[in-house]
Amino acid sequence: MTHDPAIDSETADSETADSETADSETADSATADSATTGSETADELPVLPTDRHTGCPFDPPAALTALSDRPVRRLRYADGHVGRLVTGHAAARAVLADPRFSSRYELLHLPMAMEGAPGELPPAPVGDILGLDAPEHTRYRRLLAGRFTVRRMRQLTGRIERFTADCLDAMEQAGTTADLVEAFARPVPTLVICELLGVPYADRERFLRLVEVIFDQAADAGARDEAYAGLLRYVGELVLAKRAEPTDDLLSDLASPGPAPGPGDLAAPGPASSGPAVPGPAASGLSDEELAGIGGLLLAAGLDTTANMLGLGVFALLANPGQQAALRADPDLAGPAAEELLRYLSVADPLLRSALEDVEVEGELIRAGETVTVSVQAANRDPRRFPDPDRLDIRRRATGHLSFGHGPHQCLGQQLARVEMTVALPALFARFPALRLAVPPGEVPLRERSSIYGVVSLPVAWGEEAGEE
């Protein structure tokens with residue numbers, strides 16, 4: 001949750017982005033390109049390395065680290081497009097904050113092959129704010145940002161503590177071994193996001209299966225589209241129910257009926273209809289279709305990213321017993337530990353943008369129309385920003401990492417994820433001080449083909465028998 005604490009960071013500058021295109025290249029610009037890229041042909045350019053599993057499960061691919069000697073370089077994309085790879089922290093921040101780089105899906109090229117992916121990406125579906133630019137993105141962002149403030153998310157702390165304790169109680173009552181993903185890492189954020197949005201927890205099997213397919217890069221594109229459509233249908237049914245009988249939750253807040261929009265309201269008036277009368281728009285100005293899209297995005301992102309941060313984060317702490325012991329001895333380290341794990345693990349990677357005009361970044365001229373792949377993994381391991389970046393150090397001041405993105409599209413739910421991690425991690429190790437892996441580290445299955453990295457399962461043990469597992 002797809003990211004600095006200023007979540008309502010929309011600025012007037014971000015709203016002025018347009019789709020200017022550059023003039024045709026000149027001999028001088030070609031010379032400039034050759035000066036920075038050498039004599040490489042498109043076929044000789046590197047592709048994006050993604051094979052994390054071949055080395056330490058917490059580190060970026062070794063081939064990606066090797067490409068990080070330059071903060072910006074040319075990259076060959078899956079469809080043959082030649083774009084850019086950004087690995088430097090300063091360069092990544094510059095790209096993500098600059099309105100001359102677009103997030104619109106239809107302008108992007110994918111850096112890695114995906115089963116059944118279309119040759120050209122379609123525009124963002126209704127309600128998917130990740131694939132929009134200002135002013136459309138600004139409209140949604142301003143509407144949602146006030147509902148995800150630091151104060152509001154901290155008000156959820158008591159309920160998150162209760163959900164965490166319930167999961168730990170269930171683990172303790174079940175014995176001395178568990179799959180931590182099924183028993184803890186997935187249930188805690190599922191309970192939280194269900195309560196926040198007003199989604200029945202009893203429906204979790206239905207929407208968890210859909211979310212898993214949506215993020216599975218190995219799944220056929222048709223299966224992913226079908227899963228996404230299924231999630232929208234499910235949330236759409238909830239929206240109608242909330243409009244009829246509102247409850248105390250975010251979806252009800254957004255869906256509650258309001259007066260018909262006027263010229264200055266958020267929702268632009270639609271065409272006149274001669275059909276049967278339908279309920280008026282929500283007070284938020286959002287249509288039912290928009291509400292379903294936004295709700296589906298919040299549900300999917302709120303579940304998968306935090307669940308994988310918890311699962312992979314516990315794995316990293318178990319693999320670094322000194323860090324685990326430090327957190328257990330001093331629960332006040334929970335906040336710094338969460339930030340460091342977010343930096344160190346970078347589960348949501350990469351972020352894509354498209355240049356709307358020629359832009360120079362770190363001395364490299366990025367041409368209009370080029371897709372830019374921002375490697376969050378590499379930027380969060382940039383030694384110019386984080387000394388000794390490959391070492392997990394929960395006492396490090398890791399603020400400024402890019403795991404929640406940066407700029408106008410910075411993750412809305414970042415404060416919720418922080419609260420969940422700072423509550424759940426110390427509570428787990430306080431309850432089970434002897435917690436350890438129940439299998440060798442190399443046997444922990446990883447989510448190698450998902451757009452959100454993590455562990456498939458995490459077998460753990462505790463108590464006296466833990467050392468014998």
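Note that the coordinates shown come from a computational prediction; the quantities given were computed from them, not determined experimentally.
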Side-chain (Asp304) to main-chain (Ala300) donor-acceptor, under 3.5 angstrom: no
What's the separation between atom CD in Gln324 and atom CG in Leu425, rounded to the nearest 0.5 Å? 11.0 Å
Salt bridge between Arg396 and Asp388, side-chain N to carboxylate O under 4.0 Å? no
Whether Glu339 and Arg418 form a salt bridge (side-chain N of Lys/Arg under 4.0 Å from carboxylate O of Asp/Glu) is what I want to check. yes
Looking only at heavy atoms, which two atoms of His137 and Pro408 are closest? And how far apart? CE1-O, 3.1 Å
Would you name the heavy atoms of Gly127 and Leu297 that are closest together and state the gap between them? O-CD2, 4.4 Å
Ignoring hydrogens, what is the shortest heavy-atom contact between Arg447 and Ile452? Give both atom names and the distance. NE-O, 3.1 Å
Quick check for you: to the nearest 0.5 Å, what is the distance between Ile294 atom CD1 and Leu299 atom CG? 13.5 Å
Between CD of Glu290 and CD1 of Ile129, what distance do you get to the nearest 0.5 Å? 11.5 Å
Whether Phe386 and His89 hold their rings parallel, tilted or perpendicular, with breakpoints at 30° and 60°: perpendicular
Which value, rounded to the nearest 0.5 Å, describes the distance between Ile394 atom CD1 and Leu333 atom CG? 4.5 Å
Counting distance only, does the side-chain N/O of Asp382 pair as donor-acceptor with the main-chain N or O of Gly88 below 3.5 Å? no
Between Thr373 and Leu85, does a side-chain contact (heavy atoms from CB on, under 4.5 Å) hold up when you go through it step by step? CA-CA 5 Å; Thr373 295; Leu85 170 65; 4.1 Å; yes
Ser252 (side chain) donor-acceptor with Asp248 (main chain) under 3.5 angstrom: no
Backbone N or O of Ser102 within a donor-acceptor pair of the Ser354 side chain at under 3.5 Å? no
Looking at every non-hydrogen atom in both residues, tell me the closest pair between Thr422 and Ala338 and how far apart they are. CG2-CB, 4.0 Å
Under 3.5 Å, side chain of Thr371 to main-chain N/O of His109, donor-acceptor pair present? yes
Within-4.5 Å side-chain heavy-atom neighbours: Val188 and Thr306: no
Donor-acceptor contact present, side-chain Asn380 to main-chain Leu402, <3.5 Å: yes
Answer yes or no: does atom CD of Gln155 have more than 12 heavy-atom neighbours from other residues, nucleotides or ligands under 6.0 Å? yes
Ignoring hydrogens and geometry beyond distance, is a side-chain donor-acceptor pair present between Ser103 and Arg353 at under 3.5 Å? yes
Working for side-chain contact (heavy atoms from CB on, under 4.5 Å), residues Val423 and Phe163: CA-CA 10 Å; Val423 168; Phe163 294 146; over 6 Å; no
Do Arg74 and Arg84 have side-chain heavy atoms sitting under 4.5 Å apart? yes
Check whether Ser403 reaches the backbone of Leu342 with its side chain - one donor and one acceptor, N or O, closer than 3.5 Å. yes
Tell me whether Glu226 at atom CD has more than 12 heavy atoms from other residues, nucleotides or ligands lying less than 6.0 Å away. no
Any chance you could lay out the side-chain contact (heavy atoms from CB on, under 4.5 Å) test for Asp249 and Lys242, step after step, and finish with the verdict? CA-CA 9 Å; Asp249 53 66; Lys242 301 292 183 184; 3.0 Å; yes
Heavy atoms only: give me the nearest Asp349-Ser375 pair and the separation to one decimal. OD1-C, 3.3 Å
Contact check, side chains of His409 and Leu96, non-hydrogen atoms, under 4.5 Å: no
Any Phe315 side-chain heavy atom under 4.5 Å of Leu345 side chain: no
Rounded to the nearest 0.5 Å, what separation is found between the OH atom of Tyr234 and the CG atom of Leu210? 10.0 Å
Could you go step by step and tell me if Glu136 and Arg139 meet the salt bridge (Lys or Arg N to Asp or Glu O under 4.0 Å) rule? CA-CA 5 Å; Glu136 294 85 3; Arg139 171 197 167 212; over 6 Å; no
Separation between CG (Leu416) and OG1 (Thr149), nearest 0.5 Å, reads 11.5 Å
Got Thr164 and Phe184 here, is their nearest side-chain heavy-atom distance under 4.5 Å? yes
Per side chain to side chain contact (heavy atoms under 4.5 Å, CB included), Leu303 is matched among Val192, Val199, Ile193 by Ile193
Leu446 and Pro57 have their tightest heavy-atom pair at CD1-CB, 3.8 Å
Please evaluate residues Arg186 and Glu212 with respect to the criterion salt bridge (Lys or Arg N to Asp or Glu O under 4.0 Å), reporting the C-alpha separation (whole Å), side-chain torsions for both, the decisive distance (0.1 Å), and the verdict. CA-CA 12 Å; Arg186 185 177 294 139; Glu212 185 175 353; 5.4 Å; no
Short side-chain to backbone donor-acceptor contact, Arg449 and Ala219, under 3.5 Å: no
Are any of the side-chain heavy atoms of Glu340 and Gln323 separated by less than 4.5 Å? no
Is a donor on one side and an acceptor on the other found under 3.5 Å between the side chain of Thr305 and the backbone of Gly302? no
Are the side chains of Asp358 and Leu365 in touch, meaning some heavy atoms are under 4.5 Å apart? yes
Distance-only, no hydrogens or angles: does the Asn320 side chain make a donor-acceptor pair with backbone N or O of Ala316 under 3.5 Å? yes
Check ion pair Arg224-Asp216 (N to O, under 4.0 angstrom): no
Do Leu317 and Leu341 make a side-chain contact, defined as non-hydrogen atoms from C-beta onward lying under 4.5 Å apart? yes
side-chain contact (heavy atoms from CB on, under 4.5 Å) between Tyr453 and Asn308: does it pass, once the steps are laid out? CA-CA 7 Å; Tyr453 186 62; Asn308 282 288; over 6 Å; no
